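The block underneath contains the structure these notes are about, expressed in C-alpha coordinates.
Everything quoted here is computed from the prediction, not taken from an experiment. Numbers restart at 1 for each chain; the letters A, B, ... are given by sequence-line order, proteins then strands.
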There are 2 protein chains.
Amino acid sequence: MSDAAFLADPSPAEAADALRDADDRAVALYGACELAYDGRATSTLPVGRRHVLHKPDGTLLAHAATGHQPVNWLAPGATLSVSVEDDELRLHGERDGETLDCRFTHVSHVSLLPLDDADAEVSGTEDDLRERVLADPDLISEGFRPLATERDTAAGPVDIYGEDADGTRVVVELKRRRVGPDAASQLDRYVDALARDLHADAAVRGVLVAPSVTDRARHLLAEAGHDFVPLTP
Amino acid sequence: MSDAAFLADPSPAEAADALRDADDRAVALYGACELAYDGRATSTLPVGRRHVLHKPDGTLLAHAATGHQPVNWLAPGATLSVSVEDDELRLHGERDGETLDCRFTHVSHVSLLPLDDADAEVSGTEDDLRERVLADPDLISEGFRPLATERDTAAGPVDIYGEDADGTRVVVELKRRRVGPDAASQLDRYVDALARDLHADAAVRGVLVAPSVTDRARHLLAEAGHDFVPLTP
DNA sequence: AAATATATATCGCTA
DNA sequence: TAGCGATGTATATTT
(Lines give C-alpha, C1' and ligand atoms only; values in the text may rest on other atoms or scores of the structure.)
Protein backbone atom coordinates (compact mmCIF):
# COMPACT_ATOMS: atom_id res chain seq x y z
CA MET A 1 0.00 0.00 0.00
CA SER A 2 1.10 3.57 -0.68
CA ASP A 3 2.51 5.71 2.08
CA ALA A 4 0.77 8.48 3.89
CA ALA A 5 0.91 11.88 2.21
CA PHE A 6 -0.06 15.37 3.27
CA LEU A 7 -0.90 18.43 1.23
CA ALA A 8 -1.11 21.90 2.75
CA ASP A 9 -3.24 24.55 1.03
CA PRO A 10 -3.75 22.57 -2.17
CA SER A 11 -5.49 24.01 -5.16
CA PRO A 12 -8.90 22.47 -5.86
CA ALA A 13 -7.32 20.53 -8.73
CA GLU A 14 -4.53 19.21 -6.51
CA ALA A 15 -7.04 18.14 -3.88
CA ALA A 16 -9.10 16.40 -6.53
CA ASP A 17 -6.01 14.59 -7.82
CA ALA A 18 -5.17 13.46 -4.31
CA LEU A 19 -8.64 11.98 -3.89
CA ARG A 20 -8.36 10.18 -7.22
CA ASP A 21 -4.90 8.82 -6.35
CA ALA A 22 -5.94 7.63 -2.91
CA ASP A 23 -5.95 3.92 -3.83
CA ASP A 24 -6.59 2.05 -0.62
CA ARG A 25 -5.88 5.02 1.57
CA ALA A 26 -8.43 7.00 3.48
CA VAL A 27 -8.60 10.69 2.64
CA ALA A 28 -9.00 13.34 5.30
CA LEU A 29 -9.98 16.80 4.12
CA TYR A 30 -10.10 19.97 6.15
CA GLY A 31 -11.69 23.09 4.81
CA ALA A 32 -14.88 25.07 4.41
CA CYS A 33 -17.70 23.33 2.68
CA GLU A 34 -21.42 23.29 2.16
CA LEU A 35 -23.18 19.97 2.64
CA ALA A 36 -26.34 18.59 1.12
CA TYR A 37 -27.79 15.18 1.82
CA ASP A 38 -30.75 13.62 0.13
CA GLY A 39 -32.14 10.14 0.53
CA ARG A 40 -33.88 8.75 3.57
CA ALA A 41 -34.42 12.37 4.53
CA THR A 42 -33.19 15.72 3.27
CA SER A 43 -30.66 17.96 4.97
CA THR A 44 -28.56 20.95 4.03
CA LEU A 45 -25.81 22.76 5.88
CA PRO A 46 -24.39 26.19 5.04
CA VAL A 47 -20.68 26.66 4.42
CA GLY A 48 -18.61 25.98 7.49
CA ARG A 49 -15.28 24.53 8.51
CA ARG A 50 -15.53 20.75 8.62
CA HIS A 51 -13.45 17.64 8.82
CA VAL A 52 -14.34 15.21 6.04
CA LEU A 53 -13.11 11.62 5.99
CA HIS A 54 -13.47 9.29 3.05
CA LYS A 55 -12.62 5.63 3.67
CA PRO A 56 -11.61 3.12 1.02
CA ASP A 57 -14.85 1.20 1.60
CA GLY A 58 -16.83 4.22 0.46
CA THR A 59 -17.75 5.54 3.89
CA LEU A 60 -18.01 9.32 3.86
CA LEU A 61 -18.07 11.20 7.16
CA ALA A 62 -18.39 14.96 7.66
CA HIS A 63 -17.70 16.12 11.19
CA ALA A 64 -18.51 19.46 12.78
CA ALA A 65 -17.28 20.83 16.11
CA THR A 66 -19.36 18.69 18.44
CA GLY A 67 -20.93 15.31 18.82
CA HIS A 68 -20.05 11.70 18.38
CA GLN A 69 -22.08 11.54 15.23
CA PRO A 70 -21.02 13.00 11.89
CA VAL A 71 -23.13 15.98 10.87
CA ASN A 72 -23.60 14.29 7.48
CA TRP A 73 -22.48 10.96 6.13
CA LEU A 74 -22.84 8.10 3.71
CA ALA A 75 -22.65 4.51 4.86
CA PRO A 76 -20.05 2.04 3.57
CA GLY A 77 -20.47 1.07 -0.07
CA ALA A 78 -20.96 4.55 -1.44
CA THR A 79 -19.19 5.60 -4.61
CA LEU A 80 -17.45 8.95 -4.72
CA SER A 81 -17.20 11.30 -7.69
CA VAL A 82 -14.70 14.13 -7.55
CA SER A 83 -14.77 17.23 -9.68
CA VAL A 84 -13.68 20.85 -9.81
CA GLU A 85 -16.27 23.41 -10.82
CA ASP A 86 -16.02 27.19 -10.58
CA ASP A 87 -12.59 26.59 -9.07
CA GLU A 88 -14.18 24.67 -6.20
CA LEU A 89 -13.61 21.09 -5.13
CA ARG A 90 -16.81 19.08 -5.18
CA LEU A 91 -17.47 15.66 -3.83
CA HIS A 92 -20.54 13.72 -4.81
CA GLY A 93 -21.17 10.48 -2.93
CA GLU A 94 -23.91 8.11 -3.93
CA ARG A 95 -25.24 4.94 -2.44
CA ASP A 96 -28.51 3.15 -2.89
CA GLY A 97 -30.47 6.24 -3.88
CA GLU A 98 -28.84 8.42 -1.26
CA THR A 99 -26.52 11.26 -2.14
CA LEU A 100 -24.19 13.51 -0.21
CA ASP A 101 -22.66 16.54 -1.86
CA CYS A 102 -19.77 18.53 -0.45
CA ARG A 103 -18.96 21.83 -2.07
CA PHE A 104 -15.66 23.13 -0.75
CA THR A 105 -15.22 26.88 -0.93
CA HIS A 106 -11.75 26.34 0.43
CA VAL A 107 -9.55 23.32 1.07
CA SER A 108 -6.95 23.88 3.71
CA HIS A 109 -5.45 20.44 4.02
CA VAL A 110 -5.62 17.00 2.45
CA SER A 111 -4.16 13.82 3.95
CA LEU A 112 -3.86 10.41 2.33
CA LEU A 113 -3.86 7.90 5.15
CA PRO A 114 -3.23 4.18 4.99
CA LEU A 115 -5.43 2.71 7.71
CA ASP A 116 -5.36 -0.81 9.12
CA ASP A 117 -8.55 -2.65 9.65
CA ALA A 118 -9.19 -4.33 12.93
CA ASP A 119 -12.00 -6.11 14.63
CA ALA A 120 -12.03 -5.08 18.23
CA GLU A 121 -12.47 -7.97 20.60
CA VAL A 122 -15.32 -6.78 22.72
CA SER A 123 -16.35 -8.48 25.91
CA GLY A 124 -19.20 -7.70 28.21
CA THR A 125 -21.79 -8.24 25.50
CA GLU A 126 -25.07 -10.08 25.60
CA ASP A 127 -23.26 -13.20 24.40
CA ASP A 128 -21.09 -13.09 27.50
CA LEU A 129 -24.16 -12.79 29.65
CA ARG A 130 -25.61 -15.86 27.98
CA GLU A 131 -22.44 -17.87 28.56
CA ARG A 132 -22.60 -16.96 32.18
CA VAL A 133 -26.20 -18.09 32.56
CA LEU A 134 -25.54 -21.35 30.73
CA ALA A 135 -22.54 -22.01 32.96
CA ASP A 136 -24.67 -21.48 36.07
CA PRO A 137 -28.36 -21.99 35.25
CA ASP A 138 -29.31 -21.68 38.92
CA LEU A 139 -28.90 -17.94 38.39
CA ILE A 140 -32.31 -18.08 36.69
CA SER A 141 -33.91 -20.17 39.38
CA GLU A 142 -33.04 -23.18 41.51
CA GLY A 143 -33.02 -26.23 39.24
CA PHE A 144 -33.48 -24.40 35.92
CA ARG A 145 -32.37 -26.54 32.97
CA PRO A 146 -31.49 -24.85 29.66
CA LEU A 147 -32.75 -26.84 26.69
CA ALA A 148 -31.81 -24.61 23.78
CA THR A 149 -30.44 -21.21 22.79
CA GLU A 150 -31.90 -19.18 19.96
CA ARG A 151 -34.90 -21.50 19.88
CA ASP A 152 -37.17 -20.46 17.06
CA THR A 153 -40.73 -19.33 17.68
CA ALA A 154 -43.30 -17.56 15.53
CA ALA A 155 -42.14 -14.34 17.15
CA GLY A 156 -38.47 -14.97 16.53
CA PRO A 157 -35.60 -16.77 18.23
CA VAL A 158 -35.62 -16.94 22.01
CA ASP A 159 -32.35 -16.22 23.85
CA ILE A 160 -32.57 -19.22 26.18
CA TYR A 161 -35.34 -21.79 26.34
CA GLY A 162 -35.49 -24.25 29.20
CA GLU A 163 -37.36 -25.99 31.97
CA ASP A 164 -38.10 -25.11 35.55
CA ALA A 165 -37.46 -27.34 38.55
CA ASP A 166 -41.14 -28.30 38.36
CA GLY A 167 -41.17 -28.84 34.60
CA THR A 168 -42.62 -25.49 33.57
CA ARG A 169 -41.30 -24.20 30.26
CA VAL A 170 -39.24 -21.05 30.58
CA VAL A 171 -38.33 -18.31 28.11
CA VAL A 172 -35.29 -16.28 29.13
CA GLU A 173 -34.60 -12.91 27.54
CA LEU A 174 -31.16 -11.43 28.18
CA LYS A 175 -30.25 -7.76 28.22
CA ARG A 176 -26.82 -6.41 29.09
CA ARG A 177 -28.20 -3.01 30.13
CA ARG A 178 -30.98 -1.64 32.23
CA VAL A 179 -34.22 -2.35 30.39
CA GLY A 180 -37.32 -0.35 29.58
CA PRO A 181 -40.79 -1.20 28.28
CA ASP A 182 -39.51 -2.42 24.92
CA ALA A 183 -37.71 -5.38 26.46
CA ALA A 184 -40.78 -6.31 28.51
CA SER A 185 -42.90 -6.32 25.35
CA GLN A 186 -40.31 -8.36 23.52
CA LEU A 187 -40.31 -11.03 26.23
CA ASP A 188 -44.08 -10.99 26.19
CA ARG A 189 -44.16 -11.65 22.45
CA TYR A 190 -41.81 -14.60 22.85
CA VAL A 191 -43.78 -16.13 25.73
CA ASP A 192 -47.05 -15.80 23.81
CA ALA A 193 -45.55 -17.33 20.70
CA LEU A 194 -43.99 -20.23 22.56
CA ALA A 195 -47.18 -20.98 24.46
CA ARG A 196 -48.94 -21.34 21.12
CA ASP A 197 -46.13 -23.32 19.54
CA LEU A 198 -46.36 -25.85 22.35
CA HIS A 199 -50.03 -26.18 23.17
CA ALA A 200 -52.96 -23.95 23.82
CA ASP A 201 -52.84 -24.79 27.52
CA ALA A 202 -49.09 -24.97 28.02
CA ALA A 203 -47.85 -22.83 30.89
CA VAL A 204 -44.82 -20.76 29.88
CA ARG A 205 -42.87 -18.63 32.29
CA GLY A 206 -41.01 -15.55 31.09
CA VAL A 207 -37.79 -14.41 32.71
CA LEU A 208 -36.04 -11.15 31.93
CA VAL A 209 -32.36 -11.08 32.89
CA ALA A 210 -30.76 -7.64 33.08
CA PRO A 211 -28.78 -5.44 35.47
CA SER A 212 -31.93 -3.52 36.38
CA VAL A 213 -35.33 -2.46 35.12
CA THR A 214 -37.31 0.79 34.94
CA ASP A 215 -40.54 1.18 36.88
CA ARG A 216 -42.72 1.08 33.82
CA ALA A 217 -41.03 -2.06 32.54
CA ARG A 218 -41.32 -3.67 35.96
CA HIS A 219 -45.02 -2.94 35.90
CA LEU A 220 -45.42 -4.49 32.46
CA LEU A 221 -43.52 -7.57 33.55
CA ALA A 222 -45.62 -7.95 36.69
CA GLU A 223 -48.86 -7.57 34.74
CA ALA A 224 -47.87 -10.27 32.32
CA GLY A 225 -46.67 -12.49 35.16
CA HIS A 226 -43.04 -12.54 34.07
CA ASP A 227 -40.06 -12.61 36.38
CA PHE A 228 -37.08 -10.33 36.60
CA VAL A 229 -33.65 -11.63 37.55
CA PRO A 230 -31.02 -8.96 38.25
CA LEU A 231 -27.70 -9.88 36.70
CA THR A 232 -24.86 -7.65 35.51
CA PRO A 233 -22.58 -8.77 32.67
CA MET B 1 -10.33 31.22 17.73
CA SER B 2 -6.84 30.09 16.77
CA ASP B 3 -6.01 29.16 13.22
CA ALA B 4 -5.55 25.70 11.84
CA ALA B 5 -2.09 24.20 12.26
CA PHE B 6 -0.41 21.10 10.93
CA LEU B 7 2.57 19.17 12.23
CA ALA B 8 4.35 16.55 10.17
CA ASP B 9 6.30 13.82 11.95
CA PRO B 10 6.17 15.48 15.36
CA SER B 11 8.04 14.10 18.31
CA PRO B 12 5.81 12.63 21.02
CA ALA B 13 6.44 15.75 23.10
CA GLU B 14 5.51 18.06 20.21
CA ALA B 15 2.33 16.10 19.59
CA ALA B 16 1.46 16.31 23.27
CA ASP B 17 2.06 20.06 23.25
CA ALA B 18 -0.20 20.43 20.24
CA LEU B 19 -2.99 18.59 22.02
CA ARG B 20 -2.57 20.77 25.10
CA ASP B 21 -2.58 23.95 23.02
CA ALA B 22 -5.64 22.96 21.04
CA ASP B 23 -7.98 25.40 22.81
CA ASP B 24 -11.29 25.20 20.97
CA ARG B 25 -9.84 23.38 18.00
CA ALA B 26 -10.38 19.75 17.18
CA VAL B 27 -7.23 17.63 16.97
CA ALA B 28 -6.74 15.03 14.28
CA LEU B 29 -3.94 12.53 14.82
CA TYR B 30 -2.62 10.02 12.36
CA GLY B 31 -0.24 7.30 13.44
CA ALA B 32 0.12 3.82 14.83
CA CYS B 33 -1.53 3.19 18.13
CA GLU B 34 -2.87 0.56 20.46
CA LEU B 35 -6.37 1.10 21.79
CA ALA B 36 -8.00 -0.04 24.99
CA TYR B 37 -11.56 0.73 25.99
CA ASP B 38 -13.15 -0.12 29.29
CA GLY B 39 -16.54 0.83 30.57
CA ARG B 40 -19.86 -0.41 29.28
CA ALA B 41 -17.84 -3.20 27.72
CA THR B 42 -14.16 -4.01 27.35
CA SER B 43 -12.21 -3.93 24.13
CA THR B 44 -8.58 -3.89 23.08
CA LEU B 45 -6.98 -3.42 19.69
CA PRO B 46 -3.37 -4.18 18.80
CA VAL B 47 -1.14 -1.51 17.31
CA GLY B 48 -2.33 -0.37 13.92
CA ARG B 49 -2.55 2.76 11.80
CA ARG B 50 -5.57 4.79 12.83
CA HIS B 51 -7.13 8.18 12.46
CA VAL B 52 -7.95 9.68 15.84
CA LEU B 53 -10.11 12.77 16.22
CA HIS B 54 -10.56 14.69 19.45
CA LYS B 55 -13.25 17.37 19.49
CA PRO B 56 -13.40 20.34 21.84
CA ASP B 57 -16.51 18.89 23.48
CA GLY B 58 -14.50 15.88 24.60
CA THR B 59 -15.62 13.49 21.90
CA LEU B 60 -12.85 11.02 21.05
CA LEU B 61 -13.11 8.96 17.87
CA ALA B 62 -10.65 6.34 16.62
CA HIS B 63 -11.27 5.24 13.05
CA ALA B 64 -9.88 2.19 11.25
CA ALA B 65 -10.02 1.42 7.53
CA THR B 66 -13.68 0.53 7.25
CA GLY B 67 -17.09 1.29 8.59
CA HIS B 68 -19.21 4.25 9.51
CA GLN B 69 -18.60 3.60 13.14
CA PRO B 70 -15.35 4.40 14.97
CA VAL B 71 -13.51 1.29 16.08
CA ASN B 72 -13.26 2.83 19.56
CA TRP B 73 -14.65 6.03 20.96
CA LEU B 74 -15.77 8.12 23.92
CA ALA B 75 -18.96 10.12 23.82
CA PRO B 76 -19.07 13.91 24.25
CA GLY B 77 -18.16 15.14 27.72
CA ALA B 78 -15.04 13.07 28.15
CA THR B 79 -11.92 14.65 29.59
CA LEU B 80 -8.60 13.99 27.91
CA SER B 81 -5.24 13.53 29.61
CA VAL B 82 -2.10 13.71 27.49
CA SER B 83 1.27 12.36 28.46
CA VAL B 84 4.54 11.06 27.07
CA GLU B 85 5.87 7.83 28.54
CA ASP B 86 8.73 5.68 27.21
CA ASP B 87 8.97 8.24 24.41
CA GLU B 88 5.40 7.43 23.35
CA LEU B 89 2.42 9.72 23.12
CA ARG B 90 -0.43 8.53 25.31
CA LEU B 91 -3.98 9.71 25.41
CA HIS B 92 -6.26 8.84 28.27
CA GLY B 93 -9.90 9.76 27.91
CA GLU B 94 -12.35 9.40 30.73
CA ARG B 95 -16.07 9.91 31.03
CA ASP B 96 -18.54 8.65 33.52
CA GLY B 97 -16.54 5.58 34.49
CA GLU B 98 -15.55 4.81 30.93
CA THR B 99 -11.96 5.06 29.72
CA LEU B 100 -10.26 4.97 26.36
CA ASP B 101 -6.49 4.73 26.16
CA CYS B 102 -4.48 5.35 23.02
CA ARG B 103 -0.81 4.42 23.08
CA PHE B 104 0.90 5.77 19.99
CA THR B 105 4.02 3.92 18.94
CA HIS B 106 4.38 6.49 16.21
CA VAL B 107 2.70 9.79 15.40
CA SER B 108 2.90 10.71 11.76
CA HIS B 109 0.77 13.82 11.67
CA VAL B 110 -1.12 16.15 13.97
CA SER B 111 -3.66 18.75 12.86
CA LEU B 112 -5.29 21.46 14.92
CA LEU B 113 -8.62 22.21 13.27
CA PRO B 114 -11.08 24.99 14.09
CA LEU B 115 -14.48 23.49 13.33
CA ASP B 116 -17.80 25.24 13.07
CA ASP B 117 -20.82 23.80 14.70
CA ALA B 118 -24.00 23.42 12.77
CA ASP B 119 -27.40 21.91 13.24
CA ALA B 120 -28.49 20.33 10.03
CA GLU B 121 -32.05 21.17 9.05
CA VAL B 122 -33.50 17.76 8.42
CA SER B 123 -36.80 17.19 6.73
CA GLY B 124 -38.61 13.94 6.23
CA THR B 125 -38.74 13.13 9.94
CA GLU B 126 -41.55 11.79 12.07
CA ASP B 127 -42.50 15.37 12.96
CA ASP B 128 -43.10 16.08 9.28
CA LEU B 129 -45.29 13.01 9.07
CA ARG B 130 -47.32 14.26 12.03
CA GLU B 131 -47.78 17.68 10.44
CA ARG B 132 -49.07 16.00 7.34
CA VAL B 133 -51.60 13.91 9.22
CA LEU B 134 -52.79 16.90 11.26
CA ALA B 135 -53.21 18.91 8.08
CA ASP B 136 -55.31 16.16 6.53
CA PRO B 137 -56.81 13.94 9.25
CA ASP B 138 -58.87 12.03 6.70
CA LEU B 139 -55.64 10.21 5.88
CA ILE B 140 -56.28 8.22 9.07
CA SER B 141 -59.92 7.57 8.28
CA GLU B 142 -62.91 9.47 6.94
CA GLY B 143 -63.97 11.95 9.60
CA PHE B 144 -61.08 11.42 12.02
CA ARG B 145 -60.66 14.35 14.43
CA PRO B 146 -57.32 14.88 16.17
CA LEU B 147 -57.78 15.97 19.80
CA ALA B 148 -54.21 16.09 21.04
CA THR B 149 -50.60 15.32 20.21
CA GLU B 150 -48.21 13.75 22.69
CA ARG B 151 -51.16 12.94 24.93
CA ASP B 152 -49.85 11.39 28.12
CA THR B 153 -50.82 7.90 29.17
CA ALA B 154 -49.47 5.49 31.76
CA ALA B 155 -47.46 3.89 28.96
CA GLY B 156 -46.03 7.15 27.70
CA PRO B 157 -47.06 9.95 25.34
CA VAL B 158 -49.21 9.04 22.33
CA ASP B 159 -48.26 10.58 18.97
CA ILE B 160 -51.79 11.59 18.02
CA TYR B 161 -54.94 11.06 20.02
CA GLY B 162 -58.33 11.65 18.48
CA GLU B 163 -61.85 10.58 17.66
CA ASP B 164 -63.35 8.50 14.89
CA ALA B 165 -66.30 9.56 12.75
CA ASP B 166 -68.46 7.44 15.06
CA GLY B 167 -66.91 8.76 18.27
CA THR B 168 -64.50 5.92 18.95
CA ARG B 169 -61.27 7.01 20.59
CA VAL B 170 -58.22 6.53 18.41
CA VAL B 171 -54.53 6.20 19.19
CA VAL B 172 -52.25 6.97 16.26
CA GLU B 173 -48.62 5.88 16.27
CA LEU B 174 -46.42 7.38 13.57
CA LYS B 175 -43.29 5.84 12.08
CA ARG B 176 -41.29 7.33 9.24
CA ARG B 177 -39.84 3.94 8.28
CA ARG B 178 -41.09 0.46 7.60
CA VAL B 179 -42.01 -1.04 10.95
CA GLY B 180 -41.43 -4.35 12.68
CA PRO B 181 -42.87 -6.07 15.75
CA ASP B 182 -41.48 -3.46 18.14
CA ALA B 183 -43.74 -0.74 16.75
CA ALA B 184 -46.79 -3.03 16.91
CA SER B 185 -46.04 -3.73 20.58
CA GLN B 186 -45.57 -0.06 21.27
CA LEU B 187 -48.96 0.81 19.78
CA ASP B 188 -50.49 -2.02 21.75
CA ARG B 189 -49.10 -0.65 25.01
CA TYR B 190 -50.51 2.78 24.25
CA VAL B 191 -53.95 1.47 23.36
CA ASP B 192 -54.09 -0.64 26.52
CA ALA B 193 -52.98 2.24 28.68
CA LEU B 194 -55.45 4.69 27.16
CA ALA B 195 -58.33 2.24 27.47
CA ARG B 196 -57.59 2.08 31.19
CA ASP B 197 -57.10 5.80 31.52
CA LEU B 198 -60.55 6.40 30.07
CA HIS B 199 -62.77 3.64 31.36
CA ALA B 200 -62.65 -0.08 31.79
CA ASP B 201 -65.11 -0.51 28.96
CA ALA B 202 -63.95 2.24 26.63
CA ALA B 203 -63.32 1.12 23.09
CA VAL B 204 -59.99 2.39 21.78
CA ARG B 205 -58.85 1.89 18.25
CA GLY B 206 -55.14 1.71 17.42
CA VAL B 207 -53.78 2.98 14.13
CA LEU B 208 -50.21 2.52 12.99
CA VAL B 209 -49.10 4.96 10.30
CA ALA B 210 -45.94 4.02 8.40
CA PRO B 211 -44.68 3.49 4.86
CA SER B 212 -45.08 -0.28 5.27
CA VAL B 213 -45.05 -3.18 7.77
CA THR B 214 -43.32 -6.52 7.99
CA ASP B 215 -45.42 -9.70 7.96
CA ARG B 216 -44.84 -10.42 11.61
CA ALA B 217 -45.81 -6.92 12.61
CA ARG B 218 -48.90 -7.09 10.42
CA HIS B 219 -49.92 -10.26 12.23
CA LEU B 220 -49.44 -8.66 15.62
CA LEU B 221 -51.52 -5.67 14.58
CA ALA B 222 -54.30 -7.87 13.19
CA GLU B 223 -54.38 -9.99 16.35
CA ALA B 224 -54.73 -6.94 18.54
CA GLY B 225 -57.34 -5.47 16.20
CA HIS B 226 -55.30 -2.43 15.23
CA ASP B 227 -55.30 -0.80 11.83
CA PHE B 228 -52.45 0.00 9.51
CA VAL B 229 -52.44 3.09 7.32
CA PRO B 230 -49.72 3.22 4.67
CA LEU B 231 -48.18 6.67 4.45
CA THR B 232 -44.71 7.75 3.41
CA PRO B 233 -43.15 10.92 4.83
C1' DA C 1 -32.47 -9.04 -0.25
C1' DA C 2 -35.50 -8.92 3.82
C1' DA C 3 -36.36 -9.30 8.68
C1' DT C 4 -35.08 -9.13 13.28
C1' DA C 5 -32.51 -7.78 17.31
C1' DT C 6 -28.18 -5.75 19.34
C1' DA C 7 -25.20 -1.70 20.41
C1' DT C 8 -19.75 0.86 24.50
C1' DA C 9 -25.60 2.77 20.16
C1' DT C 10 -26.22 8.55 20.26
C1' DC C 11 -29.37 12.34 20.74
C1' DG C 12 -33.09 15.15 22.34
C1' DC C 13 -36.90 15.94 25.25
C1' DT C 14 -39.57 15.79 29.42
C1' DA C 15 -40.86 15.06 34.16
C1' DT D 1 -30.92 13.15 36.52
C1' DA D 2 -33.46 9.28 34.71
C1' DG D 3 -36.69 7.60 31.59
C1' DC D 4 -38.35 7.23 27.12
C1' DG D 5 -38.57 7.18 22.21
C1' DA D 6 -36.57 8.74 17.51
C1' DT D 7 -32.61 8.20 14.50
C1' DG D 8 -30.85 9.52 7.46
C1' DT D 9 -29.43 5.17 13.48
C1' DA D 10 -25.17 1.23 12.03
C1' DT D 11 -24.14 -3.59 12.38
C1' DA D 12 -24.51 -8.54 12.63
C1' DT D 13 -27.09 -12.70 11.92
C1' DT D 14 -30.32 -15.51 9.90
C1' DT D 15 -33.74 -16.72 6.45
Does OP1 or OP2 of D:dA6 have a side-chain N or O of B:R130 closer than 4.0 Å? no
So, is A:Q186 close to the C:dT4 phosphate, meaning a side-chain N or O under 4.0 Å from OP1 or OP2? no
Could you give the [atom1]-to-[atom2] distance, from [X] to [N], as a whole number of Å?
X	N	atom1	atom2	value
B:D182	D:dT7	CG	P	13 Å
B:H219	C:dT4	NE2	P	10 Å
A:K175	C:dA7	NZ	C1'	10 Å
B:L187	D:dG5	CG	P	12 Å
A:L45	D:dG8	CG	P	12 Å
A:E126	C:dT4	CD	P	17 Å
A:R151	D:dT15	CZ	C1'	17 Å
A:L60	D:dA10	CG	P	13 Å

For [N] versus [M], give the span between their [atom1] atoms, rounded off to a whole number of Å.
N	M	atom1	result
C:dA9	C:dA5	C1'	13 Å
C:dT10	C:dT6	C1'	14 Å
C:dA7	D:dA6	C1'	16 Å

Students often get this wrong, so: under 4.0 angstrom with heavy atoms, is B:E150 touching a base, only sugar-phosphate, or nothing?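 The answer is nothing, as B:E150 stays clear of every strand by at least 4.0 Å.
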May I have all residue pairs that pass salt bridge (Lys or Arg N to Asp or Glu O under 4.0 Å) and include part of residues 43-53 of chain A, sequence neighbours excluded?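 Of all non-adjacent pairs touching residues 43-53 of chain A, those that pass salt bridge (Lys or Arg N to Asp or Glu O under 4.0 Å) are A:R49-B:D116.
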Do other residues, nucleotides or ligands put more than 12 heavy atoms under 6.0 Å from the CZ atom of A:R145?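 No, CZ of A:R145 has 12 or fewer neighbouring heavy atoms, counting only those of other groups under 6.0 Å.
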Check the surroundings of atom CG in B:D136: do more than 12 heavy atoms from other residues, nucleotides or ligands lie under 6.0 Å from it?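 Buried by this count: over 12 neighbours within 6.0 Å.
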At their closest point, which heavy atom of A:P230 faces which heavy atom of A:P211, and how far apart are they? CB-O, 4.1 Å
Closest heavy-atom contact between B:V52 and B:F104?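 Taking every non-hydrogen atom into account, CG2-CZ, 3.8 Å.
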State which residues pass ring pair (Phe, Tyr, Trp, His ring centres under 6.0 Å) with B:H54; sequence neighbours excluded, sorted by chain then number. none
Under the ring pair (Phe, Tyr, Trp, His ring centres under 6.0 Å) test, which residues partner B:H226, sequence neighbours left out?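 Applying ring pair (Phe, Tyr, Trp, His ring centres under 6.0 Å) to B:H226 gives none.
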With sugar-phosphate taken as primed atoms, P, OP1 and OP2 and all else as base, the protein-contact string of nucleotides 8-15 of chain C at under 4.0 Å (heavy atoms; B, S, -) is BSSS---S
Distance alone, cut at 3.5 Å: any donor-acceptor contact between the side chains of [X] and [Y]?
X	Y	value
A:H51	B:H51	yes
A:T168	A:R205	no
B:D164	B:S141	yes
B:S185	B:D188	no

All N/O pairs under 3.5 Å across the protein-nucleotides 1-4 of chain D interface:
unit_1 : atom_1 : unit_2 : atom_2 : d
D:dG3  : OP1    : A:R178 : NE     : 3.2
D:dG3  : OP1    : A:R178 : NH2    : 2.1
D:dG3  : OP2    : A:R178 : NE     : 2.8
D:dC4  : OP1    : A:R216 : NE     : 3.4
D:dC4  : OP2    : A:T214 : OG1    : 2.7

How does DNA chain C read in dot-bracket, base by base from 5' to 3', with Watson-Crick or G-U pairs under 3.5 Å and | used when the partner is on another strand? |||||||.|||||||
Apply the side chain to side chain contact (heavy atoms under 4.5 Å, CB included) test between A:R132 and each candidate in A:L231, A:V209, A:L174; give the one that qualifies. A:L231
